[in-house]
Amino acid sequence: MVKIISDSTCDLSEDLLKKYNISILPLHILLDDKEYEDGVGITPDEIFKWADEHQKTPKTSAPSMEHAVKLLQEYTQNGQEIVCFSISESMSTSANVMRLAADELDASHLVHVVDSANLSTGIGLLVIEAAIMAADGKSADEIVSRMEELKPAVRASFVVDTLTYLYRGGRCSGLAALAGSALKLHPKISVEHGAMGAGKKYRGRLDKAVMAYVKDMEQDLMNAKKDRVFITHSGCNREIVEAVRKYLNDMNHFDEILETRAGGVISSHCGPGTLGVLFINEGVK
(Lines give C-alpha, C1' and ligand atoms only; values in the text may rest on other atoms or scores of the structure.)
Protein backbone atom coordinates (compact mmCIF):
# COMPACT_ATOMS: atom_id res chain seq x y z
CA MET A 1 0.00 0.00 0.00
CA VAL A 2 1.19 3.52 -0.81
CA LYS A 3 2.29 5.47 2.28
CA ILE A 4 0.93 9.01 2.75
CA ILE A 5 3.12 11.63 4.43
CA SER A 6 2.47 15.34 4.93
CA ASP A 7 4.43 18.16 6.46
CA SER A 8 3.01 19.48 9.72
CA THR A 9 1.21 22.44 8.18
CA CYS A 10 -1.70 20.19 7.13
CA ASP A 11 -3.07 20.79 10.66
CA LEU A 12 -4.78 17.40 10.94
CA SER A 13 -5.63 16.20 14.44
CA GLU A 14 -3.95 13.17 16.01
CA ASP A 15 -7.23 11.27 15.68
CA LEU A 16 -7.38 11.91 11.94
CA LEU A 17 -3.72 11.04 11.44
CA LYS A 18 -4.27 7.74 13.20
CA LYS A 19 -7.55 7.00 11.42
CA TYR A 20 -6.04 7.47 7.97
CA ASN A 21 -2.51 6.18 8.74
CA ILE A 22 -0.82 9.47 7.85
CA SER A 23 2.70 10.34 9.03
CA ILE A 24 3.92 13.88 9.68
CA LEU A 25 7.19 15.63 8.87
CA PRO A 26 7.40 18.68 11.14
CA LEU A 27 8.49 22.16 10.12
CA HIS A 28 10.48 24.19 12.64
CA ILE A 29 9.56 27.20 14.80
CA LEU A 30 12.28 29.57 16.00
CA LEU A 31 11.78 31.72 19.09
CA ASP A 32 15.01 33.74 19.11
CA ASP A 33 17.71 31.18 19.96
CA LYS A 34 15.30 28.35 20.76
CA GLU A 35 14.13 25.99 18.03
CA TYR A 36 11.15 23.66 18.19
CA GLU A 37 9.59 21.12 15.89
CA ASP A 38 6.03 22.03 14.96
CA GLY A 39 3.72 20.17 17.33
CA VAL A 40 6.54 19.00 19.60
CA GLY A 41 7.45 20.65 22.90
CA ILE A 42 5.51 23.87 22.40
CA THR A 43 1.85 24.78 21.94
CA PRO A 44 0.31 27.56 19.82
CA ASP A 45 -0.82 29.32 23.00
CA GLU A 46 2.77 29.36 24.27
CA ILE A 47 3.85 30.77 20.92
CA PHE A 48 1.26 33.56 21.21
CA LYS A 49 2.48 34.36 24.71
CA TRP A 50 6.10 34.60 23.51
CA ALA A 51 5.13 36.69 20.48
CA ASP A 52 3.17 39.19 22.57
CA GLU A 53 5.92 39.46 25.18
CA HIS A 54 8.59 40.07 22.51
CA GLN A 55 6.36 42.05 20.13
CA LYS A 56 7.38 40.00 17.13
CA THR A 57 6.32 37.01 15.05
CA PRO A 58 8.26 33.75 15.44
CA LYS A 59 10.30 32.64 12.49
CA THR A 60 9.48 29.32 10.85
CA SER A 61 11.55 27.07 8.64
CA ALA A 62 11.28 23.93 6.54
CA PRO A 63 11.69 20.42 7.97
CA SER A 64 15.24 19.27 8.61
CA MET A 65 16.94 17.14 5.97
CA GLU A 66 17.95 14.67 8.64
CA HIS A 67 14.39 14.12 9.81
CA ALA A 68 13.09 13.85 6.25
CA VAL A 69 15.66 11.20 5.34
CA LYS A 70 14.91 9.21 8.47
CA LEU A 71 11.14 9.27 7.91
CA LEU A 72 11.26 8.38 4.22
CA GLN A 73 13.78 5.61 4.80
CA GLU A 74 11.31 3.76 7.03
CA TYR A 75 9.30 3.01 3.90
CA THR A 76 11.70 3.23 0.96
CA GLN A 77 14.04 0.62 2.45
CA ASN A 78 11.25 -1.89 1.86
CA GLY A 79 10.51 -0.60 -1.64
CA GLN A 80 7.26 1.06 -0.56
CA GLU A 81 6.02 4.02 -2.59
CA ILE A 82 5.27 7.29 -0.81
CA VAL A 83 3.15 10.31 -1.70
CA CYS A 84 4.34 13.37 0.26
CA PHE A 85 2.39 16.61 0.65
CA SER A 86 3.92 20.01 1.37
CA ILE A 87 2.72 23.49 2.12
CA SER A 88 2.67 25.74 -0.98
CA GLU A 89 6.17 26.07 -2.43
CA SER A 90 5.66 29.84 -2.52
CA MET A 91 5.58 29.77 1.29
CA SER A 92 8.26 27.22 2.23
CA THR A 93 11.00 24.96 0.85
CA SER A 94 9.38 21.96 2.55
CA ALA A 95 8.68 20.21 -0.78
CA ASN A 96 12.28 20.63 -1.88
CA VAL A 97 13.54 19.10 1.37
CA MET A 98 11.38 16.04 0.64
CA ARG A 99 12.81 15.76 -2.89
CA LEU A 100 16.38 16.15 -1.68
CA ALA A 101 15.81 13.51 0.99
CA ALA A 102 14.51 11.11 -1.65
CA ASP A 103 17.60 11.80 -3.76
CA GLU A 104 19.82 11.18 -0.75
CA LEU A 105 18.21 7.75 -0.37
CA ASP A 106 18.39 7.01 -4.11
CA ALA A 107 14.63 6.63 -3.88
CA SER A 108 13.29 9.33 -6.16
CA HIS A 109 11.46 6.63 -8.11
CA LEU A 110 9.54 5.74 -4.95
CA VAL A 111 8.84 9.20 -3.52
CA HIS A 112 6.22 11.43 -5.17
CA VAL A 113 6.06 14.99 -3.83
CA VAL A 114 2.85 16.99 -4.21
CA ASP A 115 3.06 20.76 -3.84
CA SER A 116 -0.39 21.35 -2.32
CA ALA A 117 -0.39 25.02 -3.41
CA ASN A 118 -2.18 25.53 -0.11
CA LEU A 119 -1.84 25.63 3.66
CA SER A 120 -3.45 24.25 6.80
CA THR A 121 -6.44 21.96 6.22
CA GLY A 122 -6.45 23.12 2.62
CA ILE A 123 -3.60 20.60 2.52
CA GLY A 124 -5.38 18.30 4.97
CA LEU A 125 -8.36 17.87 2.64
CA LEU A 126 -6.05 16.57 -0.09
CA VAL A 127 -4.09 14.39 2.32
CA ILE A 128 -7.24 12.62 3.52
CA GLU A 129 -8.44 12.05 -0.06
CA ALA A 130 -5.02 10.55 -0.86
CA ALA A 131 -5.08 8.35 2.24
CA ILE A 132 -8.50 6.97 1.30
CA MET A 133 -7.23 6.18 -2.20
CA ALA A 134 -4.15 4.49 -0.76
CA ALA A 135 -6.29 2.34 1.53
CA ASP A 136 -8.34 1.38 -1.54
CA GLY A 137 -5.21 0.06 -3.21
CA LYS A 138 -4.66 2.87 -5.73
CA SER A 139 -1.16 3.35 -7.11
CA ALA A 140 1.03 6.36 -6.33
CA ASP A 141 0.62 7.60 -9.92
CA GLU A 142 -3.16 7.37 -9.65
CA ILE A 143 -3.12 9.24 -6.35
CA VAL A 144 -0.84 12.03 -7.62
CA SER A 145 -2.92 12.43 -10.78
CA ARG A 146 -6.11 12.77 -8.72
CA MET A 147 -4.49 15.27 -6.37
CA GLU A 148 -3.49 17.50 -9.29
CA GLU A 149 -7.13 17.45 -10.40
CA LEU A 150 -8.36 18.34 -6.93
CA LYS A 151 -5.86 21.07 -6.07
CA PRO A 152 -7.70 23.87 -7.90
CA ALA A 153 -10.97 22.81 -6.28
CA VAL A 154 -9.77 23.30 -2.69
CA ARG A 155 -11.36 26.33 -1.06
CA ALA A 156 -9.21 27.59 1.82
CA SER A 157 -9.98 30.87 3.57
CA PHE A 158 -9.86 32.36 7.06
CA VAL A 159 -11.04 35.39 8.97
CA VAL A 160 -8.41 36.83 11.32
CA ASP A 161 -9.16 38.46 14.65
CA THR A 162 -6.10 40.69 14.64
CA LEU A 163 -3.83 42.05 11.92
CA THR A 164 -0.95 42.32 14.38
CA TYR A 165 0.60 38.94 13.58
CA LEU A 166 0.31 39.42 9.82
CA TYR A 167 1.92 42.85 10.25
CA ARG A 168 4.77 41.52 12.38
CA GLY A 169 5.38 38.82 9.80
CA GLY A 170 5.53 41.38 6.99
CA ARG A 171 2.21 40.37 5.43
CA CYS A 172 0.42 43.70 5.83
CA SER A 173 1.54 47.30 6.30
CA GLY A 174 1.74 49.04 9.67
CA LEU A 175 -0.88 51.54 8.55
CA ALA A 176 -3.25 48.74 7.55
CA ALA A 177 -2.71 47.00 10.88
CA LEU A 178 -3.32 50.24 12.80
CA ALA A 179 -6.45 51.04 10.79
CA GLY A 180 -7.71 47.50 11.13
CA SER A 181 -7.29 47.60 14.89
CA ALA A 182 -9.02 50.98 15.23
CA LEU A 183 -11.94 50.01 13.02
CA LYS A 184 -12.19 46.46 14.36
CA LEU A 185 -11.71 45.04 10.86
CA HIS A 186 -11.42 41.30 10.32
CA PRO A 187 -10.18 40.58 6.78
CA LYS A 188 -10.87 37.36 4.94
CA ILE A 189 -7.63 35.75 3.82
CA SER A 190 -7.97 33.33 0.90
CA VAL A 191 -5.42 31.02 -0.69
CA GLU A 192 -5.35 31.17 -4.48
CA HIS A 193 -2.68 29.81 -6.81
CA GLY A 194 -0.51 28.94 -3.82
CA ALA A 195 -0.48 32.41 -2.27
CA MET A 196 -2.44 34.27 0.39
CA GLY A 197 -4.51 37.30 -0.55
CA ALA A 198 -6.81 39.61 1.40
CA GLY A 199 -10.47 39.81 0.45
CA LYS A 200 -13.57 41.23 2.06
CA LYS A 201 -13.11 42.99 5.38
CA TYR A 202 -15.69 42.36 8.09
CA ARG A 203 -16.26 45.03 10.73
CA GLY A 204 -17.26 44.68 14.37
CA ARG A 205 -17.07 41.90 16.93
CA LEU A 206 -15.31 38.71 15.93
CA ASP A 207 -18.37 36.50 16.44
CA LYS A 208 -20.43 38.66 14.08
CA ALA A 209 -17.58 38.81 11.56
CA VAL A 210 -17.10 35.05 11.53
CA MET A 211 -20.78 34.32 11.02
CA ALA A 212 -21.00 36.91 8.23
CA TYR A 213 -18.01 35.25 6.56
CA VAL A 214 -19.62 31.81 6.76
CA LYS A 215 -22.99 33.06 5.48
CA ASP A 216 -21.27 34.74 2.54
CA MET A 217 -19.96 31.31 1.52
CA GLU A 218 -23.31 29.51 1.77
CA GLN A 219 -23.76 29.03 -1.97
CA ASP A 220 -20.22 27.71 -2.37
CA LEU A 221 -20.73 25.44 0.63
CA MET A 222 -23.88 24.00 -0.91
CA ASN A 223 -21.81 23.20 -4.01
CA ALA A 224 -19.01 21.58 -1.99
CA LYS A 225 -18.14 17.90 -1.95
CA LYS A 226 -20.37 16.39 0.70
CA ASP A 227 -17.75 14.12 2.27
CA ARG A 228 -16.30 16.59 4.75
CA VAL A 229 -15.79 20.22 5.69
CA PHE A 230 -13.24 21.60 8.12
CA ILE A 231 -13.64 24.23 10.80
CA THR A 232 -10.02 25.13 11.47
CA HIS A 233 -9.10 27.74 14.06
CA SER A 234 -6.19 29.02 16.11
CA GLY A 235 -7.93 29.06 19.46
CA CYS A 236 -11.31 30.74 18.94
CA ASN A 237 -13.89 31.25 21.63
CA ARG A 238 -15.82 28.00 22.01
CA GLU A 239 -19.15 29.71 21.40
CA ILE A 240 -17.96 31.00 18.01
CA VAL A 241 -16.79 27.56 16.92
CA GLU A 242 -20.05 25.94 18.00
CA ALA A 243 -22.10 28.61 16.21
CA VAL A 244 -20.23 27.84 12.98
CA ARG A 245 -20.70 24.11 13.52
CA LYS A 246 -24.44 24.57 14.06
CA TYR A 247 -24.75 26.68 10.92
CA LEU A 248 -22.95 24.03 8.82
CA ASN A 249 -24.95 21.23 10.44
CA ASP A 250 -28.25 23.00 9.76
CA MET A 251 -27.36 23.12 6.06
CA ASN A 252 -27.83 19.32 6.00
CA HIS A 253 -25.19 19.06 3.28
CA PHE A 254 -22.03 17.56 4.76
CA ASP A 255 -21.51 13.96 5.83
CA GLU A 256 -18.83 15.05 8.29
CA ILE A 257 -18.01 18.36 9.97
CA LEU A 258 -14.45 18.20 11.29
CA GLU A 259 -12.89 20.63 13.74
CA THR A 260 -9.16 20.98 14.08
CA ARG A 261 -6.80 23.40 15.79
CA ALA A 262 -4.15 25.08 13.66
CA GLY A 263 -0.64 23.99 14.52
CA GLY A 264 2.31 26.09 15.60
CA VAL A 265 3.56 27.21 12.19
CA ILE A 266 0.19 28.36 10.87
CA SER A 267 -0.74 29.94 14.23
CA SER A 268 2.56 31.83 14.31
CA HIS A 269 1.58 33.77 11.22
CA CYS A 270 -2.19 34.23 11.65
CA GLY A 271 -2.38 34.84 15.40
CA PRO A 272 -5.07 33.83 17.90
CA GLY A 273 -8.77 34.01 17.09
CA THR A 274 -8.42 33.06 13.41
CA LEU A 275 -11.10 30.75 12.00
CA GLY A 276 -11.61 29.24 8.57
CA VAL A 277 -14.10 26.94 6.86
CA LEU A 278 -12.33 24.79 4.28
CA PHE A 279 -13.76 22.39 1.70
CA ILE A 280 -13.42 20.99 -1.81
CA ASN A 281 -15.62 22.25 -4.64
CA GLU A 282 -17.93 19.58 -6.02
CA GLY A 283 -17.10 20.65 -9.56
CA VAL A 284 -14.27 18.08 -9.55
CA LYS A 285 -15.92 14.67 -9.48
Side-chain angles (χ1 to χ4, degrees), residues 9-16 39 43-49 51-52 57 118-125 154-169 171-172 177 179-191 196-222 224 228-280:
T9 60
C10 68
D11 288 345
L12 295 177
S13 66
E14 287 297 326
D15 287 345
L16 289 171
T43 67
D45 288 336
E46 290 169 335
I47 292 170
F48 296 148
K49 183 174 184 293
D52 290 340
T57 292
N118 224 301
L119 53 74
S120 191
T121 47
I123 309 169
L125 285 157
V154 174
R155 300 291 179 262
S157 64
F158 308 84
V159 167
V160 299
D161 183 25
T162 172
L163 288 165
T164 301
Y165 283 71
L166 291 170
Y167 164 62
R168 289 177 187 159
R171 288 171 171 79
C172 80
S181 176
L183 298 172
K184 296 188 183 300
L185 294 179
H186 306 283
K188 174 182 178 179
I189 308 296
S190 298
V191 181
M196 290 189 294
K200 182 173 180 177
K201 297 178 178 65
Y202 297 94
R203 182 175 295 183
R205 295 197 331 239
L206 181 62
D207 58 341
K208 302 290 187 184
V210 166
M211 291 313 300
Y213 150 76
V214 177
K215 290 174 182 177
D216 280 349
M217 290 194 294
E218 182 168 346
Q219 190 58 53
D220 287 337
L221 287 164
M222 289 303 296
R228 64 191 60 83
V229 61
F230 273 100
I231 303 170
T232 302
H233 62 92
S234 61
C236 269
N237 182 294
R238 194 71 236 158
E239 292 177 358
I240 295 176
V241 177
E242 290 305 323
V244 174
R245 182 191 297 277
K246 182 179 186 305
Y247 188 88
L248 294 174
N249 188 61
D250 288 348
M251 291 175 67
N252 293 312
H253 180 75
F254 293 102
D255 298 334
E256 192 173 28
I257 300 171
L258 298 168
E259 177 191 342
T260 189
R261 175 83 186 254
V265 168
I266 300 298
S267 295
S268 291
H269 295 291
C270 69
T274 298
L275 184 144
V277 174
L278 300 91
F279 55 93
I280 296 176

- Can you tell if the side chain of Phe48 reaches within under 4.5 Å of the side chain of Ser234, non-hydrogen atoms only? yes

- Task: Side-chain contact test, heavy atoms from C-beta onward, threshold under 4.5 Å: evaluate it for Val277 versus Ser157 and give yes or no.
- Result: no

- Under a 4.0 Å N-O cut-off, is there an ion pair linking Arg261 with Asp45? yes

- Can you find a side-chain donor-acceptor pair between Asp11 and Thr260 that sits under 3.5 Å? no

- Task: Would you give the length of the straight line joining atom CD1 of Ile47 to atom OG1 of Thr57, rounded to the nearest 0.5 angstrom?
- Result: 11.0 Å

- Taking atom CD1 of Ile266 and atom OG1 of Thr9, what is their separation to the nearest 0.5 Å? 5.5 Å

- Looking only at heavy atoms, what is the nearest atom pair of Phe279 and Ala224, with distance? CD1-CB, 3.4 Å

- What are the two closest heavy atoms between Cys236 and Leu275, and how far apart are they? SG-CB, 3.8 Å

- Which atom pair, heavy atoms only, marks the closest approach of Thr274 to Gly271? OG1-O, 3.3 Å

- Query: So do the side chains of Leu119 and Met196 get within less than 4.5 Å of each other, counting heavy atoms only?
  - Reply: yes

- Message: If you compare all heavy atoms of Pro44 against all heavy atoms of Ser267, which two are closest, and at what distance to 0.1 Å?
- Response: CB-OG, 3.8 Å

- What are the two closest heavy atoms between Phe254 and Leu221, and how far apart are they? CZ-O, 3.7 Å

- Message: Tell me every residue that passes side chain to side chain contact (heavy atoms under 4.5 Å, CB included) with Lys200, counting only those two or more places apart in sequence or in another chain.
- Response: Tyr202, Asp216

- Task: Evaluate the side-chain proximity of Asp220 to Arg155: yes if any heavy-atom separation is below 4.5 Å, no if none is.
- Result: no

- Is the shortest distance from a Lys or Arg side-chain nitrogen in Arg238 or Glu259 to a carboxylate oxygen in the other one below 4.0 Å? yes

- Message: So, using side-chain hydrogen bond (donor to acceptor under 3.5 Å, both in side chains) as the criterion, who are the partners of Thr232 when residues are at least two apart?
- Response: Thr121

- salt bridge (charged side-chain N to carboxylate O under 4.0 Å, His left out) filter on Glu46, not counting sequence neighbours, yields none

- Message: Testing the basics here: between His186 and Ala209, what is the closest heavy-atom pair and its distance to 0.1 Å?
- Response: CD2-CB, 3.6 Å

- Can you tell me if CD on Glu256 sees more than 12 non-hydrogen neighbours from other groups inside 6.0 Å? yes

- 4.5 Å side-chain heavy-atom contact, Val191 and Asn118: yes

- Ion pair Lys246/Asp250, N-O distance below 4.0 Å: yes

- Message: Could you go through Asp207 and Glu239, starting from their C-alpha distance and side-chain angles, then the distance that decides it, and tell me whether this counts as side chain to side chain contact (heavy atoms under 4.5 Å, CB included)?
- Response: CA-CA 8 Å; Asp207 58 341; Glu239 292 177 358; over 6 Å; no

- Query: Under the side chain to side chain contact (heavy atoms under 4.5 Å, CB included) criterion, do Leu248 and Val229 qualify, and how do the steps go?
  - Reply: CA-CA 9 Å; Leu248 294 174; Val229 61; 4.2 Å; yes

- Worked check of side chain to side chain contact (heavy atoms under 4.5 Å, CB included) between His253 and Glu218: CA-CA 11 Å; His253 180 75; Glu218 182 168 346; over 6 Å; no

- Message: Quick one, Asn249 and Ile257 - any side-chain contact, counting heavy atoms below 4.5 Å?
- Response: yes

- Query: Which value, rounded to the nearest 0.5 Å, describes the distance between Leu16 atom CG and Arg228 atom CZ?
  - Reply: 9.0 Å

- Message: Working to the nearest 0.5 angstrom, can you tell me the gap between Asp15 CG and Leu258 CG?
- Response: 10.5 Å

- Query: With side chains defined as the heavy atoms from C-beta onward, is the minimum distance between His233 and Phe158 less than 4.5 Å?
  - Reply: no

- Task: State, yes or no, whether a side-chain contact exists between Phe230 and Ser120 at a heavy-atom distance under 4.5 Å.
- Result: no

